[in-house]
J.: 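Got a structure for you, written out below as C-alpha cells; questions coming shortly.
Indexing begins at 1, ligand by ligand and atom by atom, following the structure's order.
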Amino acid sequence: MNLHCVDCHSAYPPELLYRCANCGGILETVGDDGLMPVSLGEQVTPLLRARRIEASLPGFVGEVWLKDETRNPSGSFKDRLVSAAMARALSLGVGRVVCASSGNAGAATAAYAARAGIPAVIIVPAHTPLGKVTQIAAYGATLLLVEGHYSRSYDLALALAEQHGFANLTTTFINPYAVAGLTAVGREIAGQLGGAPDHVLIPTGSGPLVKGVWQGLIEQGQTTRLVAVQAEGCAPIVRAFEAGDDIVTAWGTPQTIASGISDPLIGYERDGTYTLRLIRESGGSAVAVSDAELRTAMAQLASSEGIYAEPTGASPIAALPKLLATGTLARDAKVICLITGHGFKDAKVYQDMPAHTHTVADPDNILAVAQLCDHVLCHA
Ligand SMILES: *Cc1c(COP(=O)(O)O)cnc(C)c1O
Ligand SMILES: [Zn+2]
C-alpha cells in the first residue's frame with residue numbers, strides 16, 4: 001500500500017504523513033491496508049427501511065432507508081476511521097495518539113486507545129456537548145478544552161503530532177489511513193441494498209464520509225448521487241455549491257446544535273474543496289437545514305422509527321422534505337440517510353424539548369391511571 005496525493009499525484013510510502021510534501025494536498029491510500037484493525041467488535045451496521053418517514057413526505061412514492069451508524073462501539077461512525085488509523089499508528093511503532101474533535105472522533109479515539117492500551121490526548125472546543133466530554137473522560141483520555149471553535153483544536157493537534165511524536169487521529173482528511181476505514185460504508189450499502197441507491201444523504205463536516213461512501217460504491221461498480229447535508233449555521237460547502245464556486249472558503253463562527261458537523265474549515269479549506277469536487281463528480285448536491293428542522297427530525301426519527309440520534313445524525317431526515325420540494329429528489333427515488341451519531345451523546349437537546357410526561361397522583365388507583373392513558377392516547 002502507498003500514499004498518493006489527490007491533487008498532484010505524488011506517491012509516498014505508508015508512513016505517518018498528513019499532507020503532500022510537494023503541494024500540501026490531501027493524501028489517500030492506494031492498495032490494500034493488510035493490517036488487522038484495532039477492534040471493539042464492530043460489525044456491519046443495520047440498513048433499515050423507514051416506511052413511516054416515507055409516508056410523511058407529501059407525494060413521495062420511493063424508498064427511504066436508514067444506515068444506522070449509531071450502532072458503532074462508541075456511538076458514531078467515527079469508530080470506523082479510528083480503528084483503522086489506530087492499527088496503522090501501532091504498526092509504525094507510535095505509542096501515543098492525539099485527536100482534535102468536536103466530540104465523536106475524540107470519544108472514538110479515547111475508546112480505541114483504551115482498547116489498545118496506549119495514552120490518548122483529546123482536544124475539543126470548550127463548548128462541546130457535556131455528553132461527549134463525559135464519554136471521552138470516562139475512557140481515561142487526557143482531555144484538553146480549548147476556547148473558540150474547532151479549527152483552533154485542529155491546529156493544536158497538528159502541532160503536537162508534528163513536533164512531539166503523537167500520531168494524529170483527527171478525522172478530517174488529515175489521516176489517510178483513517179479515511180480509508182470509511183470505504184466499508186459504501187461497500188456495505190451496495191451489499192445490503194443489492195445495488196446502488198439513487199441518493200445517499202450524508203451529514204457533512206469536512207467530508208471523509210462522503211469520500212468513503214463514494215469510494216466504496218465505486219469499488220462495487222456502482223455510483224449514486226451524494227448529497228452533503230450541513231447546518232445553516234455552518235455551511236461552507238453548501239454555500240460554495242449554491243454559488244457555483246469550485247473553491248470552498250472557511251466559515252466564520254459556527255452557530256448550530258449540530259456539533260458533529262460544526263466544522264468551519266479554517267486552515268483546512270482544501271478539505272471542503274475536495275469534498276465539493278466529489279459531490280459534483282457524483283452528480284449530487286448540497287443542502288443546509290436549520291436547528292428547528294433538526295429538532296423536528298430528531299423527534300420524528302425517534303418516535304416514528306425507533307432511532308435516537310444526536311442532532312447531526314438526524315440531519316438527513318431534516319433534508320428530505322426540502323430536497324423533495326426543490327425536485328432534487330424524484331418522487332420515486334430510493335434514498336439512503338446516514339444516521340451518523342447516537343442521541344445519548346447530546347441528550348440535552350431532547351431534554352430541552354417539551355416533555356411528554358404525566359404525573360401519577362395515586363399509583364393504587366389503577367382505574368384513574370387507565371383513564372389517564374386512554375385520554376393521552378386518544379389525543380396523541
Ligand atoms: C464527524 C461527524 C460527521 C461529519 O463527518 P465528516 O466525515 O467529517 O464530514 C457527521 N456526523 C457525525 C455524528 C459526526 O460525528
Ligand atoms: Zn500533491
Side-chain angles (χ1 to χ4, degrees), residues 3-12 17-28 67-72 74-82 99-109 124 128-129 131-132 135-136 150 154 169-176 178-179 181-183 185 201-215 226-231 234-238 248 254 256-265 268 270-272 274-276 278-279 286 294 298 309-316 337-346 349:
L3 299 178
H4 165 261
C5 173
V6 302
D7 287 325
C8 77
H9 308 292
S10 298
Y12 303 92
L17 193 60
Y18 302 112
R19 289 291 182 215
C20 173
N22 180 41
C23 79
I26 292 168
L27 297 173
E28 63 181 0
K67 179 78 170 148
D68 185 6
E69 293 293 309
T70 70
R71 304 273 284 268
N72 283 288
S74 81
S76 85
F77 80 95
K78 295 295 200 303
D79 291 334
R80 296 176 180 268
L81 298 122
V82 170
C99 176
S101 169
S102 61
N104 289 337
T109 301
V124 300
T128 300
K132 296 185 180 183
Q135 186 184 10
I136 294 166
Y150 173 71
Y154 177 93
L169 267 55
T170 300
T171 63
T172 53
F173 280 107
I174 203 158
N175 188 313
V179 177
L182 292 177
T183 311
V185 181
L201 275 47
I202 308 174
T204 302
S206 63
L209 187 53
V210 167
K211 181 179 172 74
V213 171
W214 184 234
Q215 200 150 312
L226 304 173
V227 181
V229 183
Q230 299 202 292
C234 184
I237 294 172
V238 174
V248 173
T256 172
I257 57 169
S259 60
I261 45 175
S262 204
D263 225 319
L265 306 178
Y268 54 110
R270 255 174 123 146
D271 284 16
Y274 180 59
T275 299
L276 179 63
L278 295 177
I279 298 274
L294 285 170
M298 291 165 75
E310 64 173 284
T312 299
S315 63
C337 295
L338 295 187
I339 311 302
T340 46
H342 207 293
F344 290 151
K345 288 165 166 289
D346 203 357
V349 180

J.: May I ask you to identify, for Ser76, whether its side chain, its backbone, both or neither come under 4.0 Å of ligand 1 on a heavy-atom basis?
T.: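 Answer for Ser76: neither.
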
J.: If you measure only the distance, is there a donor-acceptor pair under 3.5 Å linking the side chains of Ser259 and Lys132?
T.: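 A pair is found: one side chain offers a donor N or O, the other an acceptor, under 3.5 Å apart.
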
J.: Counting from 1, what ligand 1 atoms have a heavy atom of Pro208 closer than 4.0 Å?
T.: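 Listed by number with element: 6 (P), 7 (O), 8 (O), 9 (O).
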
J.: Using a 4.0 Å cutoff against the non-hydrogen atoms of Ile261, which atoms of ligand 1 qualify?
T.: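 In order of number, 3 (C), 4 (C), 10 (C).
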
J.: Specify side chain, backbone, both or neither for Thr340, according to which of its non-hydrogen atoms lie closer than 4.0 Å to ligand 1.
T.: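 Both of them.
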
J.: I'd like to know if the side chain of Asp68 and the backbone of Thr70 have a donor-acceptor N/O pair within less than 3.5 Å.
T.: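 Side chain of Asp68 to backbone of Thr70: a pair is present.
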
J.: Angle at the Zn ion (ligand 2), SG of Cys23 to SG of Cys5, rounded to 10 degrees, please.
T.: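 Vertex at the Zn ion (ligand 2): approximately 100°.
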
J.: Could you tell me, atom by atom, which parts of ligand 1 come under 4.0 Å of a heavy atom of Gly205?
T.: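 Answer for ligand 1: 4 (C), 6 (P), 9 (O).
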
J.: Below 2.8 Å, any N, O or S contact between His9 and the Zn ion (ligand 2)?
T.: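 His9 does not place any N, O or S atom closer than 2.8 Å to the Zn ion (ligand 2).
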
J.: May I ask you to check whether Gly313 has an N/O atom sitting below 3.5 Å from an N/O atom of ligand 1?
T.: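 It does not: no N or O of Gly313 is found under 3.5 Å from an N or O of ligand 1.
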
J.: Find all atoms of ligand 1 within a distance of less than 4.0 Å from any non-hydrogen atom belonging to Glu310, and give their numbers and elements.
T.: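 What qualifies from ligand 1 is 13 (C).
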
J.: Applying a 4.0 Å heavy-atom criterion (strictly less than), which segment of Leu209 is in contact with ligand 1: side chain, backbone, both, or neither?
T.: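 Looking at Leu209 and ligand 1, atoms from backbone and side chain both fall under 4.0 Å.
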
J.: Counting each atom of ligand 1 from 1 as listed, which ones have a heavy atom of Gly341 under 4.0 Å away?
T.: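 By the 4.0 Å cutoff, the relevant atoms are 13 (C).
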
